[in-house]
Amino acid sequence: MKWKEYEAKWQQRWDEAGVFVPQVEDSKRPKFFVTVPYPYTSGALHIGHGRTFTTGDVVARFKRHRGFNVLFPMAFHISGSPILSISDKIAHEDVKTINLYKRYLEIYEKDLEKIDGIIESFKDPEKVAEYFAGKINLDFKSVGYSIDWTRQFDTGQPHYNKFIEWQFHKFKETGILVKGSHPILWSLKNSQPLGEDDISDGDVDKVSISEFTLIKFEGEDGFFVAATLRPETLFGATNLWINPDVHYVVADVNGERWVVSEEAVGKLGVQGGSVKVVKKERGRVFLGKTVSDPLGRQLPVLPAGFVDPDNGTGVVYSVPAHAPYDYQALVDLKRDAKFGPVVSEIEPVVIISIPGYEVPAREICERMGIRDQRDSRLEEATQEIYKAEFYTGVLNDKCERFSGMLIQNIKDEVKKWLKQKGASGVFYETSRKAVSRGGDKVVVAVLDNQWFIDYNHDKWKAKTRKHLAKMVILPEKFRKLFENTVEWLDKRPCARRRGLGTRFPFDKEWVIESLSDSTIYMAFYVLIPYLQGVAPEKLKPEVFDFLLLGEGDAEKVAKLTGLSVEKVNEARKAFEYWYPNDLRHTAPAHIGNHLTFFIMHHLAIFPEKLAPPCITLNEMLIREGAKMSKSKGNVIPLNHVKEKYGADLYRMYVVSSADLDTVVDWREKDVGAVQRKLEKFVEIMDRCSETTEREVVNEIDRWMLSRFNRSLKVCTENMEAFRFREAVVEMFFKLLNDVRWFERRSEEPYGLLRKIAKDWLVSLAPVIPHTAEEYWEKLGGGESGFVSLAKWPEANEKIINSGIEKSEDFVQGVMEDIRSMIKMAGHQPGRIYLYTAEDWKWKALELVVKEKQGALKHARTFKDPAEAAKTLASFVKNRVWENGIERLDEASIIAGAEKILKEEFGAEVVVNDNHDPMNKKGKAMPFRPAVYLE
RNA sequence: GCGGGGGUGGCGGAGCGGUCAAACGCGUCAGACUCAAGAUCUGAUCCCUAGUGGGUUCGUCGGUUCAAAUCCGGCCCCCCGCACCA
């Protein structure tokens, strides 16, 4: 295909001419600063990622045509743990990872020999980042993004680190940075935090952290510590359960003596406790003993096989009235020789009232016919009771101060109360049993000295709500998601133990978390041209204070950095010129974190006028109805676009096939349809470039120009409103159909089309820039520079002519009628007679348009009042006034369309002839001539 | 569970109070071109009807209105997010 050639050609020319590298200007030309989040460089990007960047590029290009000085920069994100994990895995010869990356490399490397060497280099994480950054850069160029690459950086660079350090200094000054402890998923074996990616099946079956309440039961060996998710059930406890066959330990925990399972003691050790094991015992050793609960009651310790030593503490208190497992275990134990007598004295204590139950656990076990405590249906029974109790349960008078309260309201209250009594603590457990990809068990650890960003700090949220209300969010339906996110954001850890990025400035053991280091970096794009020559260690916070906030003075910054005072002032001026970031465009997936941080961090540091004014979003892209994923093997890398489809086809498809808030479905068949349209467009442009421009000679020429200007008007309005699909459908697809019609109707279509060809090219240049450049040059536009920088055409309203368009609609309507009649008749006519409506029918129509229902009373004034009444009534029924009907000279319009009618039907067309054997004349209505075929 | 978004023809999807039997595309059918296939072009594609007319449709059940795919309420179903993950 020829466009492969010209796409590369124009990309190179743009590059050489620096077309997309803007300068700070003093002129009145307004600036427009647009960003799309920098990609994470752990692998190849695919056409789904490309959708977002393409949309951003369309905006950037459109704004350029509209006279803005546009800054559209790009950088690369390498912060966080994924790239590090990849390197680690490759260094450890992880076959799966190595194969995955080999496949990635095959996308880019023709020379397969080189792949092993590159993989080898990936043992260094920086090489991974560097490699993919380089490739993504080329991918982006290959689809024609109008990016200013002179500002490219990555988030591991020392200059960037200094900038992020400054950001956190600011956070500290404002008081939003706080310190505390925090639970995370952890590998006990490697003493390392585990992210979703590190956990086996972590992506499909998420592991979350559950908070258990520890409750202490005092016995002669120390405290038996039970872990529960439902501390309020303590009031109904009747005994403790211990698994007789597993190992328990007696240990010193924070100065107290505790009895817990062997598994639990390891977990306690990483949850902030100081733990020392005193001795290890089989569970059965403790059976039959008595403990006292926090309410002062004496409870027996009994055996139960269902107790899992690896869930919670392996010590469970029994609530037989409400927990089916507990109830059934007691029933089972009644038959036991040793414990039977003790058990028979135990009565379930009902503490929660729910409709339909007296003693819920007993009734459900009996109803379901549970056999024993190994019965698998106990799980189901438990769920049912728990659910009912959570939503409808009310604590009864056995629950002291909590009686009468709803379960769902009191959990935290009970925890607080138990804590005050000194009878409880907190224990974290994973929501499911999980192992890391390396095979070690996943537990929960509590990190002390964790740094948080406190999103609830002071007036921050109030300020955010206020600003958000003023922001433009498009599509508007995503606004609610922002509002909700602002509400639920709480303290969020912002430093991690592991990962690439910027060291936490107040504690260098930590690394700034990767979402928190990419929220105000748009400012860095503005500064980077000025900072590149400065040694990073010279970039003290004072430097950024001046450049970004105007605090301090240029002389001091010049001294600190070694830059000249002029240069420093220039940098400050650049920032004042470009900021705020007029538009941030990305995917809705980021609303729940990145985008909201983006807004809030700006508000925390900058004056409100520099906070983001506008965010636009586009949905994802799927392929043939299915999500693209590595495992399905249906991913199309962005790199394949230029070879397989061509950049302009890809861009046109992505923009035209769905609105921003709708998923794009990449369907090969539909892509082919768009391709044919593009080919048609190119063919028209070729013809235009081979012809000389001619003047308007007839109505059909006027029609074409009217259509063009109308489309241009609609297109411009939609582009301005970010409705790109609509804009392109109008300016490309509909207009192509019009041109096709015009080709049939006009003797010399291309001479006339040449008049509008250049404007047409500019209006499509944001979407198909390469084709636009190519034909811009062919049509002689090149003398005035690149089409990418051409002025957007203005629709000429004076040329838009509804009357002419109506006439043409009329011709098409007549053709349709004739066609359907021929179809019904089943044979070709030799002659087609058309009869237009008589004058009085037009008068009737006009009367109804003017007087609506009132027109009916004028029936008498017509020659044939009965006929007139019927006609008037039908016009009223059809509410004809809503269309603002204008009278057409139908006979002469048909005469003007003689050529196409003849061509189409291969028959002579006769208008208003006296020959009317079927008496059709009377059937004619305005806009609907009667037809007789002969 | 909480929060958000949706359910339109054989399919993907526009439409979001009247010009709607519903854009555009895919698929299917017919015709043209071709030795033929493919591509391309032209047309048809809810049902009835020698035509501009009638009938039944937009998850489901109701309601508001002269008028509803479009507004309101109930119900059913699907998708997405819920934090330390980029």
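Lettering of chains follows the sequences in order, A, B, ..., and the numbering in each one begins at 1. Just the heavy atoms: all of them, side chains too, but no hydrogens, waters or symmetry mates, feed the values below.
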Does atom CD of A/E126 have more than 12 heavy-atom neighbours, drawn from other residues, nucleotides or ligands, at distances under 6.0 Å? no
Using the rule given for side chain to side chain contact (heavy atoms under 4.5 Å, CB included), can you reason through A/L515 versus A/R492, listing the C-alpha separation, both sets of side-chain angles and the distance that settles it, and then say yes or no? CA-CA 11 Å; A/L515 282 175; A/R492 185 176 198 279; 3.4 Å; yes
Within the sub-3.5 Å range, which N or O atoms of nucleotides 30-34 of chain B have a protein N or O partner, and how far apart are they?
none

If you measure from the C1' atom in B/C33 to the same atom in B/C41, how many Å do you get, rounded? 8 Å
Report the distance from atom CG of A/L834 to atom P of B/G51, rounded to the nearest whole Å. 16 Å
Ranking B/A23, B/U42, B/C84 by distance to the side chain of A/E513, first place goes to B/C84
Tell me which of A/N593 and A/R744 sits closer to the 5' end of RNA chain B, going by the nucleotide each one is nearest to. A/R744
Could you tell me the Watson-Crick or G-U partner of B/G3, where both distances fall under 3.5 Å? Say none if there is no partner. B/C80
Just name whichever nucleotide pairs with B/A30, Watson-Crick or G-U, keeping both distances under 3.5 Å, else none. B/U42
Suppose we screen for ring pair (Phe, Tyr, Trp, His ring centres under 6.0 Å). Which residues come up paired with A/H77, at least two apart in sequence or across chains? A/Y38, A/Y40
Under a 3.5 Å limit on both distances, the Watson-Crick or wobble mate of B/A50 is none
Check the orientation of A/Y833 and A/Y835. Use parallel for under 30°, tilted for 30 to 60°, and perpendicular for over 60°. parallel
Would you mind checking if A/R498 and A/D88 are paired as a salt bridge, meaning a charged N to carboxylate O distance below 4.0 Å? yes
Any side-chain N or O of A/S42 under 4.0 Å from OP1/OP2 of B/A86? no
A/L84 atom CG is separated from B/A86 atom P, nearest whole Å, by 11 Å
What integer number of Å spans the P atoms of B/G10 and B/U45? 15 Å
Do the ring centers of A/Y428 and A/W186 come within less than 6.0 Å of each other? no
How many Å lie between CZ on A/R496 and P on B/A83, as a whole number? 14 Å
Atom pairs under 3.5 Å, N or O on each side, protein against nucleotides 39-41 of chain B: can you list them with distances?
residue: B/U40; atom: OP1; partner: A/R676; partner atom: NE; Å: 2.4
residue: B/U40; atom: OP1; partner: A/R676; partner atom: NH1; Å: 2.8

Reading nucleotides 6-14 of chain B 5' to 3', which nucleotides get B (base under 4.0 Å from a protein heavy atom), which S (sugar-phosphate only), which -? -----SS-S
Complementary nucleotide of B/C24, counting Watson-Crick and G-U pairs under 3.5 Å: B/G12
Between A/R707 and A/E808, does at least one N-O distance fall below 4.0 Å, as a salt bridge requires? no
It should be established whether A/R492 places a side-chain nitrogen or oxygen under 4.0 Å from OP1 or OP2 of nucleotide B/C82. no
Nearest-Å distance once atom C1' is located in both B/A21 and B/G74: 29 Å
Cationic N near anionic O, under 4.0 Å, A/R687 to A/E743: no
For A/L515, which contact category applies under a 4.0 Å heavy-atom criterion: base, sugar-phosphate, or nothing? base
B/U52 to B/G13 separation - P atoms, rounded to the nearest Å: 34 Å
Separation of A/L678 CG from A/E683 CD (nearest 0.5 Å): 12.5 Å
Between B/C11 and B/U49, how far is it from one C1' atom to the other, in whole Å? 29 Å
P atom, B/C72 versus B/G17: distance in rounded Å? 11 Å
Does A/H590 use its side chain to pair, donor to acceptor, with the backbone of A/L595 at less than 3.5 Å? no
What integer distance in Å separates A/L735:CG from B/A23:P? 20 Å
Atom-to-atom span, CG of A/L617 to C1' of B/G5 - whole angstrom: 13 Å
For A/F597, enumerate each residue passing the ring pair (Phe, Tyr, Trp, His ring centres under 6.0 Å) test, keeping only those at least two apart in sequence or located in another chain. A/Y455, A/H601
Taking atom C1' of B/C2 as reference, at what distance in whole Å does atom CD of A/E483 sit? 17 Å
Is the shortest distance from a Lys or Arg side-chain nitrogen in A/K461 or A/E487 to a carboxylate oxygen in the other one below 4.0 Å? no
Pairing check on B/C66: which nucleotide meets the Watson-Crick or G-U wobble criteria with it, both distances under 3.5 Å? B/G18
Contacts under 3.5 angstrom, residues 723-730 of chain A side chains, donor-acceptor by atom type, not counting sequence neighbours:
residue: A/R723; atom: NE; partner: A/N718; partner atom: OD1; Å: 2.7
residue: A/R723; atom: NH2; partner: A/N718; partner atom: OD1; Å: 3.1
residue: A/R725; atom: NE; partner: A/D659; partner atom: OD1; Å: 3.0
residue: A/R725; atom: NE; partner: A/D659; partner atom: OD2; Å: 3.3
residue: A/E730; atom: OE2; partner: A/S711; partner atom: OG; Å: 3.1

Under 4.0 Å between any heavy atoms, over every strand shown, what does A/H77 touch: base, sugar-phosphate, or nothing? Just pick one. sugar-phosphate
Integer angstrom distance from the C1' of B/G9 to that of B/A69: 12 Å
Counting only Watson-Crick or G-U wobble pairs whose two distances fall under 3.5 Å, which nucleotide matches B/U60? B/G74
Using a cut-off of 4.0 Å on non-hydrogen atoms, how would the nucleic acid contact of A/K677 be classed: base, sugar-phosphate, or nothing? sugar-phosphate
I'd like the C1' distance from B/G3 over to B/A86, given in whole Å. 23 Å
How long is the line joining CD of A/E619 and C1' of B/G5, in whole Å? 9 Å
Quick one: closest heavy-atom pair of A/L617 and A/P475, and the distance? O-CD, 3.4 Å
In whole angstroms, the gap separating P of B/C80 from NZ of A/K627 amounts to 6 Å
5' precedence on RNA chain B between A/K480 and A/D490 (nearest-nucleotide basis): A/K480
Given that both distances must come in under 3.5 Å, which nucleotide forms a Watson-Crick or G-U wobble pair with B/C85? none
